[in-house]
Amino acid sequence: MPKNPQVMHPPEVARHINEACTRCGTCVRRCAFLTKYGMPGDIARRVLTGERTVDPYECSLCNLCAAVCPEELAPGDLFLALRRLAANQGLVDFKPYAPLLGYEKRGHSSLFAWYPSTPAKTVFFPGCTLPGTRPRVTWRFFETLRELEPETTMVLDCCHKPSHDLGRQSFFFEQFRSIRDRLLALGVERVIVACPNCHKVFRKYGEGLTVTTVYEVMAQKQARMTKESATVSLSTTAQVTVHDPCPLRDQPGVHQAVRSLLAARGFDIREMEDSGTRTLCCGEGGAVGFRNPTLAATWVEKRRTQAQGDRIITYCAGCAGFLNRAAPTSHLGDVLFEPERALTGKNMMAKAPITYLNRLLLKRQLKRLS
Ligand code: SF4
Ligand code: SF4
């Protein structure tokens, strides 16, 4: 892993966006943050002249702007670079983010983290939120993976995406490097994730490791799975809609895998207006809710409207929690393993502090297995 991989220098990014943006407004029409601050080209021009007229901590870093831009620009990169610059210059008060950073710190602590003591080639890395909110579902994913690939073992740790997105780049690189080095020292070659944020971090910074999702592995091996140990099918057809998490917007293979898993269990999928590569942020992205809850809420409201009353199925535990505030939402794992309960809203996800207890119990289960 290079010292500071993929660091974007704001003047460089700003210059490119200022010159290449045609001010067509395509991205602005889809984003409340840009509607507030203006065309990316104009924001970039103001950045170059030293005007501090944009708060990059109000951008969700969802990259929808990049997905719709006819010039193939990525304004979200500018806002991440501006976050990094502000954080490096000590201009950011991180106190409001203490709950999020505390969550990250606990996830990486020796109390909650878990690594096998023997070498492993493939590990399941479920992240923080899924094990906390849904320990049973996490275990079922693990059992399914072990049925398919018996050597798979589980690692519990936090990928440090919160620090990455908050612009704490040196801290992020240092922490993630320690995770990557520990995995490589164990002989790990392949990381199977459940969390879209972990996927993004491993694919961008996990040099030497390949990353895939548990959903892709399950879809590929669908034919080999036994119904009893893997998943349960529905007794009747249910119409649902799918929310693709924005960190995976450029991963059509994952979108397809999720849909094939749902279709094979008898779900009838109605696509929302914005899905796949053009999916929307769930509202949690970029920790905008800590800075400007009203802007974060605009994404949730768009999703609620687009769902048209159908249950939303997503494959990010964070998105599931955020969207469920506005519309009935389940994690894919809920509907794969306990569909009848999920569809009647009975398999509620755990909330803090129970989530921490769940993670400790899951770790104990892993210790027993080792
Ligand atoms: S990354 Fe998302 S929130 Fe930020 S400017 Fe682009 S579309 Fe808007
Ligand atoms: S879509 Fe691209 S070219 Fe159009 S305003 Fe946005 S960044 Fe500029």
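Read the numbers this way: they start at 1 and go in the same order the structure lists the ligands and their atoms.
The protein heavy atom nearest to atom 6 (Fe) of ligand 1 is C65 SG, 2.3 Å. Of the protein's non-hydrogen atoms, the one nearest atom 2 (Fe) of ligand 2 is C69 SG, 2.3 Å. Looking only at protein heavy atoms, the nearest one to atom 5 (S) of ligand 2 is G25 N, 3.3 Å. Atom 7 (S) of ligand 2 has P40 CG, 3.7 Å as its closest protein atom, hydrogens excluded (heavy atom only).
A donor and an acceptor atom, one from each side chain of T53 and E51, are nowhere located under 3.5 Å apart.
Close approach of ligand 1 to S60 is summarised as follows: ligand atoms under 4.0 Å from at least one heavy atom of the residue are 3 (S), 4 (Fe). Applying the 4.0 Å criterion to heavy atoms of N63 picks out, from ligand 1, the atoms 1 (S), 2 (Fe). Each of the following atoms of ligand 1 lies closer than 4.0 Å to a heavy atom of L34: 5 (S).
One of the N, O or S atoms belonging to C21 lies under 2.8 Å away from atom 8 (Fe) of ligand 2.
For T22, the closest heavy-atom approach to ligand 2 falls below 4.0 Å.
Outside the 6.0 Å centre-distance limit, the rings of F125 and Y115 are not counted as a close aromatic pair. Aromatic ring centres of H164 and Y205: separated by under 6.0 Å.
When the heavy atoms of C31, A66, C24 are ranked by distance to atom 4 (Fe) of ligand 2, first place goes to C24.
A side chain to side chain donor-acceptor pair (under 3.5 Å) with D55 is found for one member of K36, R83, R291 and no other, namely R291.
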Worksheet item: Run the ring pair (Phe, Tyr, Trp, His ring centres under 6.0 Å) check on F290 and Y57 step by step: do they pass?
Response: CA-CA 9 Å; F290 289 87; Y57 286 85; over 10 Å; no
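K221 is not listed as a side-chain neighbour of T144, based on a closest heavy-atom distance of 4.5 Å or more.
At a heavy-atom cutoff of 4.0 Å, ligand 2 is contacted by both the backbone and the side chain of C27.
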